[in-house]
Amino acid sequence: MSTMRRRIAIPLAIVLAVSTVPVLTGCFGNPIQGAINAATGGKVNLGGSGSLPADFPKSVPVYSGKIISALGLGSGKKEIWNVTVEIPGSAAGNSIKSDLTGAGYTVQESGTSDAGGTLVADNKTYGVLVVTSKDTSKGYWIANYTVTADGASN
């Protein structure tokens, strides 16, 4: 597995685990909590209402839509950020790609369809995975950013 894919895959697994916690806690004790604490050092940094976490990397451009959720896990080179932003539609993926390349990121992989798209980009400091899709339960489009610091998966 390439370094870039490892840098994205491990943080994405952690973010998915964190997002399932509310579902699991209603049924039985939380078996994932120990894994999250071990992976993040027990540090979770939530953004304020509709805002990015205070330590979100300023060099990572985020689409200027309504921020639905935002969090940071861990600290330093072990920190991972996950941000979900409302976007006007699938065409916003082109703007997101342009913003990232304009900020000096190199696109490693990208693909789009009518259902959404994915984009993997990086620079010397951060890896960025962006997934766009329509939230069918809410009726609007979203862009989900997962950002890892260089060395986050080491």
Side-chain angles (χ1 to χ4, degrees), residues 1-2 4-33 35-37 39-40 43-74 78-103 105-123 126-149 152-153:
M1 181 184 293
S2 74
M4 181 61 189
R5 286 187 183 178
R6 260 194 323 271
R7 284 175 44 192
I8 295 297
I10 292 169
L12 185 56
I14 293 168
V15 168
L16 290 173
V18 169
S19 67
T20 62
V21 169
V23 173
L24 293 173
T25 57
C27 301
F28 49 86
N30 186 350
I32 299 176
Q33 189 65 49
I36 293 170
N37 285 341
T40 67
K43 297 186 183 231
V44 177
N45 178 9
L46 299 174
S49 178
S51 64
L52 296 172
D55 64 349
F56 187 84
K58 296 190 184 337
S59 68
V60 178
V62 175
Y63 192 87
S64 64
K66 176 184 175 186
I67 296 175
I68 298 168
S69 67
L71 61 97
L73 303 169
K78 299 288 183 185
E79 187 157 13
I80 302 160
W81 298 269
N82 187 269
V83 176
T84 301
V85 179
E86 186 175 338
I87 59 174
S90 63
N94 294 328
S95 177
I96 292 168
K97 184 176 182 178
S98 177
D99 289 348
L100 283 165
T101 57
Y105 287 81
T106 301
V107 173
Q108 303 296 332
E109 297 180 37
S110 69
T112 61
S113 72
D114 291 339
T118 59
L119 171 70
V120 177
D122 67 353
N123 65 12
Y126 299 104
V128 181
L129 167 66
V130 182
V131 178
T132 59
S133 63
K134 185 168 187 176
D135 183 333
T136 55
S137 68
K138 304 282 188 200
Y140 53 74
W141 281 81
I142 58 172
N144 181 267
Y145 291 73
T146 300
V147 179
T148 59
S153 62

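What you see is a predicted model; the values in this text were computed from it and never measured.
Looking at every heavy atom in both residues, Tyr63 comes nearest to Ala92 through CE1-CB, 3.9 Å. Taking every heavy atom of both residues into account, Asp55 and Glu79 meet most closely at OD2-OE1, 2.7 Å. Considering all non-hydrogen atoms of both residues, Val107 and Leu119 come closest at CG1-CD1, 3.4 Å. Heavy atoms only, all atoms of each residue included: Asp122 and Gly127 are closest at CB-CA, 3.9 Å. What you find for Val62 and Phe56 is that their closest heavy atoms are CG2-CE2, 3.5 Å.
When the options Leu100, Thr146, Val147, Val85 are evaluated for a side chain to side chain contact (heavy atoms under 4.5 Å, CB included) with Val130, the one that passes is Leu100.
With sequence neighbours excluded, the residues that form a side chain to side chain donor-acceptor pair (under 3.5 Å) with Ser137 are Asp135. In this structure Ser59 satisfies the side chain to side chain contact (heavy atoms under 4.5 Å, CB included) test together with Pro57, Tyr105, Tyr126, sequence neighbours excluded.
Thr101 contributes a side-chain N or O that, together with a main-chain N or O of Lys97, makes up a donor-acceptor pair within less than 3.5 Å.
With rounding to the nearest 0.5 Å, the separation of OG1 in Thr118 from CD in Glu109 is 7.5 Å. In this structure, the separation between CG on Asn144 and OG1 on Thr84 is 4.0 Å, given to the nearest 0.5 Å. Rounding to the nearest 0.5 Å places CD1 of Ile142 at 8.0 Å from CD1 of Ile87.
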Run the side chain to side chain contact (heavy atoms under 4.5 Å, CB included) test on Trp81 and Leu52 for me, step by step, so that the C-alpha distance in whole Å, both residues' side-chain angles and the decisive distance to 0.1 Å come before the verdict. CA-CA 9 Å; Trp81 298 269; Leu52 296 172; over 6 Å; no
